[in-house]
Number of protein chains: 2
Amino acid sequence: METAEPVSPLDRPFGDDRPARLATLDADPAAEAVLAELRAALPADRLLTDPDTIGPYVHDEAEWAEYGTPVAVVRPRTTDEVAAVVRSCARHHVAVVPRGAGTGLSGGANAVDGCLVLSLERMNDIVEIDPGERLAVVQPGVVNDHLRAAAAAQDLWYPPDPASAPWSTIGGNVATNAGGLCCVKYGVTRDYVLALEVVTAAGEIVRVGRRTAKGVVGYDLAGLMVGSEGTLGVITEVTVRLRPLRTTPPRTVVGFFDSLADTGAAVAAVTAAGLQPAVFELIDRHSLRAVNEWRNAGLPENAAALLLAQTDLPEPAATAEAEGILAAFEACGAKDAMISTDAVEADALFEARRMVYPALEQRADAVLTEDVCLPRQKLADMLAEVERIGERHTTFIATVAHAGDGNLHPLIIVDRHDVDARRRAQSAFEEIIDAAIARGGTVTGEHGVGLLKRAGMRREQSPQVLSMQRAIKAALDPLGILNPGKVVG
Amino acid sequence: METAEPVSPLDRPFGDDRPARLATLDADPAAEAVLAELRAALPADRLLTDPDTIGPYVHDEAEWAEYGTPVAVVRPRTTDEVAAVVRSCARHHVAVVPRGAGTGLSGGANAVDGCLVLSLERMNDIVEIDPGERLAVVQPGVVNDHLRAAAAAQDLWYPPDPASAPWSTIGGNVATNAGGLCCVKYGVTRDYVLALEVVTAAGEIVRVGRRTAKGVVGYDLAGLMVGSEGTLGVITEVTVRLRPLRTTPPRTVVGFFDSLADTGAAVAAVTAAGLQPAVFELIDRHSLRAVNEWRNAGLPENAAALLLAQTDLPEPAATAEAEGILAAFEACGAKDAMISTDAVEADALFEARRMVYPALEQRADAVLTEDVCLPRQKLADMLAEVERIGERHTTFIATVAHAGDGNLHPLIIVDRHDVDARRRAQSAFEEIIDAAIARGGTVTGEHGVGLLKRAGMRREQSPQVLSMQRAIKAALDPLGILNPGKVVG
């Protein structure tokens, strides 16, 4: 497998989609052989080789993960076509990098030099929604929101709701075990995957998992594929569990806090009271200010953080739970704490949450998204540490968090053209990871390892665990052709 | 590894715990070397070699799974002792068969000839219950009910509730991914396992998983260990997620049905109505009659089946849901359908459910427990097929089911001393498996593959999937010393 030296992330400006270095790679006889086979086997529209057209396929949204130059992008329409692609690549030892919508934040879908990028975007059929079994069968390229809408039309609900839901695909969600706002109560993608059709590293089509509610027949291969970022197989069909659609309008509770310590105490108090909000988010002061600046949102700026919770129990339990959350907030010193019964008002607050990222993007150039997950009780301590890390490295860091899960997204803002600022930001990024590990946390809560968290993963896990990971990779992809260099690479 | 020919299940009476054939095995130099090392390394009370004392450790509750003769039983008290045992066995290529309480129903804990049985029963400390993180850390030998009680004392709840909960251990529950009554709404053991400490096949101590609510750092090794029946590692500590304790008393709905078709229709109607009972059980007429005969319970015997549902929503939603379930039952022709607001009455019905197994054991000798799981809509069809299979083989089969999960436990009653009856029962057992597979079901919903479902697993899964399973086994246990012959053996 030809792999030219990757461009160091620090030696190129972020987001530099410069035309691929195809000229140097065309000479690779293995890649040429694969291209010849695929041209013979697939309809012409499946294959993109023009450097201008493959540009959008070479990396995901991870700002400074390195990426290489593929020999081609293939966009199959059927599982058989995927299998043909992988078989050809296996025959000639050419790397395959699967991708969905490319909304990932860890570089998991980034091309490596000489690879074939396998885009599943055109396999976007909702195959089946079965209300009797409460499940859906979809192709991997189905957009998350499309599945949710189709399920809702049958009074069913697919809970996993990553922020990328309007664009990201179920295949990508499964490959990264995507989370979202609802998972504090309803779990992550893993909790909804019943079965998968997968093309193995040998190009064989297999079905793992089951359509039944329960099952323990052998090792949990479907579970193993979830979060494996395309390194163990290419997901070509997904069977997910659905829930009944929620019908009661949520009650929203909001509270502004003077200090991060009070904020963390409020999160702990809600947990200690046995309350289970369906959404439990945190927006820090830097994020509030950015939203105000961008959209004149009129959010209080003198608070250290805003907590935003929703309860979706049936009434009157929802009101009781909302009152419990409010009491916990107030006991921890919240100001302007209130229960919103006004859907418009509640929507505006969640809109502010959604606006943080674009507001920060307006402010500077590049936003590097962290994704550490902490024991809930370490939330305040970790938030304070993130502030200190930002100060230490003269780097602006705004934080939003899935507070109820202890999942922090410190957003590191950088001028992409300032090499020194980039170096400082990278140091801050790694120090946040170390601070999370030191507090019993994990380096990635829901975005995946990809490329950006490989070093952190090696610091979090013991050599023995890493060697178990590599043993599994070698067992299921002995040639190492599936998304090489990602996760365990 | 010395392995004498196992006793064929058909050539010995069930439950024959005849003294082990230690004499013939003492000559095995590898086993002798292990015993010598362990005698030197461990306190004397850890090791049992007397045939009389090891008798209770040689098999689980699976009536006709074969079992062999171990060279010894070792009952370690610490993870380091477990690691020392596995290292010694790895050095000399001696098989290790881990076990908890031995309540399994698939033969997963059965000894193989020449093995060391590793009983985790003495590692039974509840290490920690952390209400702030809503998690518990326990040693593998902690009994399920003990964990539930300890959690309840802190207003927390560990939902997985296999029928064996008063005796079975968390380690065994994890190793088999145990289910139970609550899992129709609250999920199985897998859904509660956050992290595991595991002794690998090389005798190394590793930690997999995490203490945080979310995490996607590398392959889901903790998930892979769940349900792997001790074939990939020995579980020495378990970190489980807890939920807030439920405080509202449940509402129970009961309905008797004239036909299996009506019963199945009622289950489907409850699902279609978007209702989510926290318990949803089925007891067939044979089971009702057995309970009546044993305890004069006064249950109606002219019904084809009884459905028993519970809702645990906060009031008044619970009453509304109970009324919805009742309406679904009545629309499908239920007789004597009612909502029980009387806890004593409801308890009596669940007591009847619990009495089915002992009542059937009174009736004959051996009860072979099936565990197929079907798409919910196939429930009635499958129940009818089970009746036909029983008739075809002149074999008495009573069925209870976790109806809401489509998980059937046909209980096959056999005279253990009648070789011909045993052969007919075994044929019925395999035909039930085939009927489940033909209907899109799985051969084991919650009991595991062990020994009894190995043939069924090979019929359910494709050769490619089986080869993936074996590749993972070989990757994590290259010498094949961990519970050999189970699951993928």
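Computed from a prediction, not measured in an experiment: that's the story for all the values here. Convention: sequence-line order gives letters A, B, ...; per-chain numbering from 1. Computed from heavy atoms alone, side chains included, the values below leave out hydrogens, waters and symmetry copies.
- Interatomic distance, CD of B:Glu133 versus CG of A:Leu374, reported as 9.0 Å (0.5 Å rounding).
- Between chain A and the options B:Ala474, B:Ser462, B:Pro316, heavy-atom pairs under 4.5 Å are most frequent for B:Pro316.
- Without hydrogens or angle criteria, B:Arg211 side chain to A:Pro375 main chain gives no donor-acceptor distance under 3.5 Å.
- Between A:Gly132 and B:Arg376, the closest heavy-atom pair is O-NH1, 3.9 Å.
- In this structure, the side chains of B:Thr200 and A:Met468 come closer than 4.5 Å at one or more pairs of heavy atoms.
- When every heavy atom of B:Gly180 is checked against every heavy atom of A:Lys214, the shortest pair comes out as O-NZ, 4.1 Å.
- Counting heavy-atom pairs closer than 4.5 Å to chain B, the top residue among A:Arg210, A:Arg207, A:Glu446 is A:Glu446.
- Residues of residues 453-461 of chain A placed with any heavy atom under 4.5 Å of a heavy atom in chain B are listed by number as A:Met457, A:Glu460, A:Gln461.
- For chain B, the option among A:Leu221, A:Val487, A:Leu156, A:Val267 with the highest count of heavy-atom pairs below 4.5 Å is A:Leu221.
- Ranked by heavy-atom pairs under 4.5 Å with chain B, the first of A:Gln377, A:Met225, A:Gln464, A:Glu204 is A:Gln377.
- Highest contact tally toward chain A, considering only B:Thr176, B:Thr271, B:Val226, is held by B:Thr271 [criterion: heavy-atom pairs under 4.5 Å].
- Note on B:Val488, B:Leu232, B:Asp155: by heavy-atom pairs under 4.5 Å with chain A, the leading option is B:Leu232.
- When every heavy atom of B:Val216 is checked against every heavy atom of A:Val449, the shortest pair comes out as O-CG2, 3.9 Å.
- Per-residue counts of heavy-atom pairs under 4.5 Å with chain A were compared for B:Leu245, B:Val188, B:Thr231; the largest is that of B:Thr231.
- Here the shortest heavy-atom pairing between B:Leu224 and A:Asp220 reads CD1-N, 4.5 Å.
- Between B:Arg134 and A:Leu275, the shortest heavy-atom contact is NH2-O, 2.8 Å.
- Neither the backbone nor the side chain of B:Arg470 comes within contact range of chain A; no heavy atoms are under 4.5 Å apart.
- Chain B forms more heavy-atom pairs under 4.5 Å with one residue of A:Val198, A:Val217, A:Asn177 than with any other, namely A:Val217.
- Contacts between B:Lys486 and chain A at a heavy-atom distance below 4.5 Å are absent for every atom of the residue.
- Chosen from A:Gly218, A:Pro478, A:Gly440, the residue pairing most often with chain B at heavy-atom distances under 4.5 Å is A:Gly218.
- For the ring-ring contact (aromatic ring centres under 6.0 Å, His included) condition, the pairs that include at least one residue of residues 443-474 of chain A, sequence neighbours left out, are A:His409-A:His447.
- Side-chain N or O atoms of A:Gln469 include one that pairs as donor or acceptor with a backbone N or O of B:Tyr219 at under 3.5 Å.
- Note on B:Ala213, B:Gly445, B:Gly274: by heavy-atom pairs under 4.5 Å with chain A, the leading option is B:Gly445.
- Annotation for B:Thr212 and A:Cys373: closest pair CG2-O, 3.3 Å, computed over non-hydrogen atoms.
- If you measure heavy-atom distances from B:Asp405 to chain A, the contacts under 4.5 Å come from both the backbone and the side chain.
- Per-residue counts of heavy-atom pairs under 4.5 Å with chain A were compared for B:Val206, B:Thr442, B:Thr444; the largest is that of B:Thr444.
- Across A:Lys378, A:Glu315, A:Lys473, the residue that shares the most heavy-atom pairs under 4.5 angstrom with chain B is A:Lys473.
- Between B:Leu476 and A:Ile472, the closest side-chain pair of non-hydrogen atoms falls below 4.5 Å.
- Atom CZ in B:Arg243 sits 9.0 Å away from atom NZ in A:Lys185 (nearest 0.5 Å).
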